[in-house]
Chemist: 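Provided herewith is a single structure, encoded as C-alpha cells, for subsequent inquiry.
The basis for the numbers below is simple: all heavy atoms, side chains too, and nothing from hydrogens, waters or symmetry mates. In what follows, chains are A, B, ... by sequence order, proteins preceding strands, each numbered from 1. Every value quoted in this text rests on a predicted model; they were computed, and no experiment measured them.
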Amino acid sequence: MIKAILIFNNHGKPRLSKFYEHYNEDTEQQIIRETFHLVSKRDENVCNFLEGGMLIGGSENRLIYRHYATLYFVFCVDSSESELGILDLIQVFVETLDKCFENVCELDLIFHVDKVHNILAEMVMGGMVLETNMNEIIIQVDAQNKMEKSETFIFQSPRQDR
Amino acid sequence: MALKIVKGSIDRMFDKNLQDLVRGIRNHKEDEAKYISTCIDEIKQELKQDNIAVKANAVCKLTYLQMLGYDVSWAAFNIVEVMSSSKFTYKRIGYLAASQCFHESTDVIMLTTNQIRKDLSSPNQYDTGVALTGLSCFVTPDLARDLANDIMTLMSHTKPYIRKKAVLIMYKVFLKYPESLRPAFPRLKEKLEDPDPGVQSAAVNVICELARRNPKNYLSLAPLFFKLMTSSTNNWVLIKIIKLFGALTPLEPRLGKKLIEPLTNLIHSTSAMSLLYECVNTVIAVLISLSSGMPNHSASIQVSFSRHAHAFVLKYLGLLAMSKILKTHPKSVQSHKDLILQCLDDKDESIRLRALDLLYGMVSKKNLMEIVKKLMLHVDKAEGTTYRDELLTKIIDICSQSNYQYITNFEWYISILVELTRLEGTRHGHLIASQMLDVAIRVKAIRAFAVSQMATLLDNAHLLTGNTQRNGICEVLYAAAWICGEFSEHLEDPMATLEAMLRPKVATLPGHIQAVYVQNAAKLFATVLRGQEGAPADSTVAQETSQLLIDRLPLFVQSSNLEVQERASCILQLVKYIQKLQQKDVEVAEEVTALFAGELNPVAPKAQKKVPVPEGLDLDAWINEPPSGSESEDEGRKSKGKAVFAKEESRHTKPRYTEVDEKELAKRREVRKAEQANNPFYIKASPSSQKVYQDGVGVEHIPVVQIDLSVPLKVPGMPMSDQYVKLEEERREKNKADKKKKKDKKREKGEKGRRRRADSGPESEEDITPAHMVDIVTEEMPENALPSDDDDKDPNDPHKLSANGLIDYEKSHGIHFGIRMVQSVCCGFACKSICWAPCVNTAGYGVDRPPHYLSPHPSLAPLLQVCDIQGNLQDGSQVVVSVIFENKCDSFIKSMEFNVLDSLNSKLQRHDGAGPHDGLTVPFQLPPGISNEARFIFSVQNIVMPQKLKGTLTFIVKTDDSSTHEKLDFKLHFTCTSYLITTPCYSDAYSKLLESGDLKGCSLKLEGVNQPFHHLLARICFHHHFSVVERIDSCASMYSRSIQGHHVCLLVKTADQTVSIDAKCDEPALLGNVLDEIKLTFSQC
C-alpha cells in the first residue's frame, strides 16, 4: 500500500499532497516538513530509499523519492511494495505529467494542482496502484478532459443550453 | 432562467479562479496568512450563492488551501452539493475535494450514500470512475456495507476501465466491511484471468494485499499465480506475484523447488532492475526455506547480482539481501568480501553502516586480520566522529565476538587496541579499556606483552590526554595503569613505569583514573622493592624509590577527589613507615608484597549459583520475629519481608551512630558516599548523579584537530599491528608444513565449556592454530561448586552476559577487587584516615565574572558565587549549575547543605529516596580563605521562560571553642541564556535553516553602544553562548541551540553606535527572553 504521495520543491513548499490515510491538516503539514528535512539533506548520488520519518508509520514504512530539477517526488510506502517498482512508478508519473503538460515544469504544478490530482487518480487509487501503462493513463485523462471541455462549451453558450 | 444563468456566468468572470488564487498568494509573500484569510471570506460568500459553477470554483480553491494546511471541514456540506452536480466537471471537483478532506468522522458522509450509488450506475463511465476514485479515499464501514453490492456488480461491468477500479476498491471495502469478502472472493479470483491486463493487475494487487495479512488462506491460489508468473509480461504484476511467493514459500516448501527454475530464468532474461531484485529476494527466501540449500543456484544469483551491484541504488538493497543470505549461507557471502569492503568507501552513510553490519557476520579466523586491517584504514580516513566511533565499536565487536573465537593472535589484538587509542576525541575509551583488561586478564600467555605495551602507553600518556580532559580516550590509561600494576612482575623496568605513573600531569586526569594510578603505584612499589632486595646491591636504591613516592604522593593527597585523596594519604603513610624500616635495614619487601598477594582470576558467571548452601542454613527463614500482620499471603510476605528488613536495619543503626560524635559521623558519611560514587570497583546501583560529562556537545561539529607533533605518531617501541598480519601469514605457511608432524595439541581443550568453538565452522579454519599457547583462562569456580550438570540457562541471571559464558567483567572483577582491598586494609599497617588538605580549585573559572546571578547576604561569611549555569546537551531537561563556595571568614566551615525550593518547572536533582525538602550535602569543607566548586543538577521542564529559584545554604561555622549553625539565603537566576549551548554551525547549514521557514522572527535595536564590533560579538558569544557563523564587515550571523533543540539565529548589524539584532527562532517566547537578556547585558555596560 502507498501511504502518501508528496510533491514539494527544493524549499519544501508543497505542490501536491495526497494522503491515503486520514491525518488532520496540522499533522499533514508536519509530515511534509519532516519528509522534506529527511530528503533534502541527502546528496544527489546516494540511494533513493530511506526509512520513514517518525510521523508517518515509523520504521515499517519507507520513503522512496526521486528528485527532478526543482521538485521532489516522494512516495511513502509500506513493506508490501517493491522499492524499485515504486521508483519506476515515479518515473511513469513524471513522464505522464510531461506528456500531459508538454514539458512539465514546477509552474504547471503550481497552477494546475487539480489536473495533477486527476492524472494521479488514474495511476493510484486509494493507495493501490491502478495502472502503470502510460498510454492507457493518457487516454483516460484526455477523454475526461475532452468531456470537461464539451461541458464548458455547452455552459458558455446559453443558446444551446436547454 | 436563461437570464439567471447569463448573470451567473458574468458574476463568475469577476470571481477568482484557482489560478488567480495561486497567483495572489505568490504576490503576497509578505502577508500570506492575511491574504488567504480574505480569500477564505470571499470563498464563504461564493459558497452562499446558488450558482453551482461558483460553488464548484470555490470548492476547487478550498482543495488548494487544504494542501497548504488550512482546515476546510466547515465546507463539507458544500462539497457534497458540488459532488451531486450533474456535470462531470463539477462532480470531479467535488469528489476530489471530498477525497482530500473527508474521513470517517465527517458527519455529512452519510448524506452521500444515495448520490454515490446513483453515480456508480451512471451511463457515463467517467462519472462512475470518479465516484469510485473518490470513494476509495473516504469509504466508511457504513458506506462499504451499503455499496458493497453495487461495487460487486461493477466488477463485471462491460468496460475494463470500470472493472479495474471496481476490483481495486474491493480491497478497501473488505477492510471496512469484512463480511463482504466471502461472497466477493469467487468473482475476484475470476478477475485474475480477465482478458484485460489492467483488470488482471488490479486483481493481483488486491489478492497480494489480502495474502500479506494472512498468507495461509491463499496457498490454494498458488497454481493460478504460477501460471500468471510464467505468462504475464507486465513487470508490475510480476513483481507483486513474486513478492507474494516470497511470503508463501515458508509455508509450503514444495512450492520453493518449483519456483527456482522460472525465477532463475526471469533473472537471466529481464532487463528491469526492479524485477531482478524482487526475483533475487524471493530466491533467497526460497533457499532459506529449503534447508538443504542449492549452492549452484545461489552462486549464479550472486554473480548476476554483483554484476549490478555497482549501481548505487542497488547497493543498499543488495547489502540488505546479503545480510539475509549470510544467516544461512555464510560462505557464499564471504566470497564477496572485497565488494563489501568497497562499500565502506561509499559516500552514503546508510550504505556504509549496512556494510559494517555485514562484515560483523563475515569474519572468520582466516580473514579477521585482513578485515580489521581494512577497517583500521577506514578509521584513519573517516571524517565525522559518529561514523568513526561506529567503526571503532564495530572493530571491537568483530574481534571480541563469540568469546574471541576468531582471534588467533592476541598480541596482534593488543596492538590493534593500542593503535585505536590514538583516535582523537572518541567516546569509546572505556570500551577499549575494558577490552584491554579482559584480554590481559584472561589470556595469560600474552600478559608480558600486554604489560610492555601498557607501560609504553603510560609513558606516552601525554599523547592521549593531549588537549582536554573530556577526551574519552584517557579511559584507556585506567586499564593501562591497572594492568601494569597487577602484572608488574612482567615489567622490564618497573621503576620507569612507576615514575611515569607519578608524573604531575597525572593530576589532570579524571578522578577515578587517578585513583587507579595511585593504587597501582603502590603495587609497583612492592615489585620494585622485591626486585631490589633480591639482589642485595645497596639499600640506597630502595630508599630512593620510597623517597620518590614520598615526594610525589602529596600531589594526590591534595586531590579534590575523595577516592584519590584517601588512597594517596593511606599509601603515603605506609611508604613513610616503610622508609623508616628501610633506614633500620629491615627487610620489608616480603611484607609489602603480601599486601597485594593473590592471583586474580575471573569468576564464572554462574559461580555464585554453584556455591552450595551450607547445611542448616535456611535463607528464607526469619532472622527476627516476623512482625505482626505479615502473615497474609505467601508472595506478599517475601516482598514485605524486604521492607521489614530495611526498617529493622535503620532502627538498629540509628542508636549506634548517635554515640559517635558529630564530626566523625559527617566524615564517615562523606567518605562512604564518595567511595561509593568514585570507587571504580564498587558495583553501583545506579550511575552516580554527580558525574557530569560535558562532552558530546555537537560532537560532529567539533573540528578534529590534527596533532602537529615533531615526534612521529608511531611511538617508538609500539609495534604496529600490520607487521602481525605479515607474521601471521608466514606462520600459517610454516604451520601447514609442520602440521603433518605434529598433532595440534597446543590448545588446551580439557575442560568443557572452556571455549566454545564454531561447531559449524569450515574445516579449513580449524587448521589455523593460534600463535601462542593461548590459554584463555577458565573462569574460576568455587572449590565446592556443584557439578555443572544443571547448566540450565536462566535468562534472568544478571551475571550472564552471553550464551558463551563471556565474563561480565565489571561485576565479577569488582567483587574480587572488593574482597582483596579489605584484606590489604586488614593487613595491619596503621594508616591515618583522611586528612583534610585544603582543596584548591583548579577548574580555573573566571574570577572576573561578575557574580550578578546571585544576591547573597552581605554580612555572612561564605561567599556563594554561581559561576556557570549550563545546560546538559545529553539530556534536554537537565541544567548543571556550578557554584563556587568561598570561605571569606577566619573560621572553618563545614557540613554545608545546599537546598533549593523546587518550583513546578525546575527541580533540584536529589539522591534517590530523598524528599523534596531535603538538602544536598556539599561534598567538601572549607578552611578559611579557601574556595571550591560544586555542581548541582536541576531538571527543568519548560525552558522558554527565565526563572528565579530561592535557596538556602546551611552550614556550621567552627571556631576554636564553639560552633554555630548559620544560614544563607540566595537566589538562583536561571536565565534563558543558560539553556542555550554554544553550538558551532556551518554557514550552509545555517542558510538552510533560515530558508526552511520554520523560524519566527523578532528584532531588537540598541542605541548608543560605542564598543568595537568584535567586542560586541565577543560579549554575545561569552554571555549568551552564541557562536559566530559568518562575519562580513559590520554584520555578523550568529547561532546557538537550546538544550531542547530550539535553533536561535541572530543577525547583528552595527552602524553609528546603533546595533540592530534581527533574530529568528522556532520558539518565539524563548527568543523574546533571550533578546531581553542581551539587551540587559548591554545596558549594564
Chemist: Just wondering, do Tyr171(B) and Met128(A) contact through their side chains at under 4.5 Å, heavy atoms?
Modeler: yes
Chemist: Just wondering, do Leu68(B) and Glu25(A) contact through their side chains at under 4.5 Å, heavy atoms?
Modeler: no
Chemist: Under a 4.5 Å heavy-atom cut-off, does chain B meet the side chain of Asp88(A), its backbone, both or neither?
Modeler: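 Looking at Asp88(A), just its side chain touches chain B.
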Chemist: Could you look at Glu81(A) and say if it's the side chain, the backbone, both or neither that has a heavy atom under 4.5 Å from chain B?
Modeler: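 Both backbone and side chain.
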Chemist: Could you tell me which portion of Phe88(B) (side chain, backbone, both or neither) has an atom closer than 4.5 angstrom to a non-hydrogen atom of chain A?
Modeler: both
Chemist: Using side-chain heavy atoms (C-beta onward) and a distance below 4.5 Å, is Gln100(B) in contact with Phe19(A)?
Modeler: no
Chemist: Measure Asn235(B) against the heavy atoms of chain A and call it side chain, backbone, both or neither at under 4.5 Å.
Modeler: neither
Chemist: If we only count heavy atoms from C-beta on, is the Phe138(B) to His22(A) side-chain gap below 4.5 Å?
Modeler: no
Chemist: Go through the atoms of Ile64(A) and report whether side chain, backbone, both or neither lie under 4.5 Å from a heavy atom of chain B.
Modeler: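 For Ile64(A), there is no contact with chain B at all, as no heavy atom is under 4.5 Å.
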Chemist: Just checking, any donor-acceptor pair under 3.5 angstrom between side chains of Ser40(A) and Lys992(B)?
Modeler: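 Checked: Ser40(A)/Lys992(B) side chains show no N/O donor-acceptor pair below 3.5 Å.
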Chemist: Which atoms of Ile169(B) come close to chain A, meaning under 4.5 Å heavy atom to heavy atom: side chain ones, backbone ones, both, or neither?
Modeler: both
Chemist: Tell me, side chain or backbone of Lys165(B) under 4.5 Å from chain A's heavy atoms, or both, or neither?
Modeler: both
Chemist: With only heavy atoms counted, which part of Glu209(B) is less than 4.5 Å from chain A, the side chain, the backbone, both or neither?
Modeler: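 Contact with chain A is through the side chain of Glu209(B) alone.
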Chemist: Is there a donor-acceptor contact under 3.5 Å linking the side chains of Thr89(B) and Glu148(A)?
Modeler: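 The criterion, which ignores hydrogens and geometry beyond distance, is not satisfied for Glu148(A) and Thr89(B).
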Chemist: Relative to chain A, which segment of Leu168(B) carries a heavy atom at a distance below 4.5 Å: side chain, backbone, both, or neither?
Modeler: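 Looking at Leu168(B), backbone and side chain both touch chain A.
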Chemist: Any salt bridge between Arg212(B) and Asp78(A), counting N to O under 4.0 Å?
Modeler: yes
Chemist: Pairs in or reaching into residues 126-145 of chain A: which pass ring-ring contact (aromatic ring centres under 6.0 Å, His included), with residues at least two apart or in two chains?
Modeler: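 Found none.
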Chemist: If you look only at distance, which donor and acceptor atoms sit under 3.5 Å apart when one is on a side chain in residues 129-138 of chain A and the other is two or more places apart or in another chain?
Modeler:
unit_1, atom_1, unit_2, atom_2, d
Glu131(A), OE1, Lys164(B), NZ, 2.6
Glu131(A), OE2, Asn133(A), N, 3.2
Asn133(A), OD1, Asn135(A), N, 3.1
Glu136(A), OE2, Gln140(A), NE2, 2.9

Chemist: Which atoms of Glu28(A) are under 4.5 Å from chain B, going by heavy atoms: the side chain, the backbone, both sets, or neither?
Modeler: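 Just its side chain gets close to chain B.
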Chemist: Against chain A, label Thr63(B) side chain, backbone, both or neither, depending on which of its atoms sit under 4.5 Å from a heavy atom there.
Modeler: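 Answer is neither: Thr63(B) stays 4.5 Å or more from chain A.
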Chemist: When you check the gap from the basic side-chain N to the acidic O, do Glu151(A) and Arg92(B) get nearer than 4.0 Å?
Modeler: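 No, no charged N to carboxylate O under 4.0 Å.
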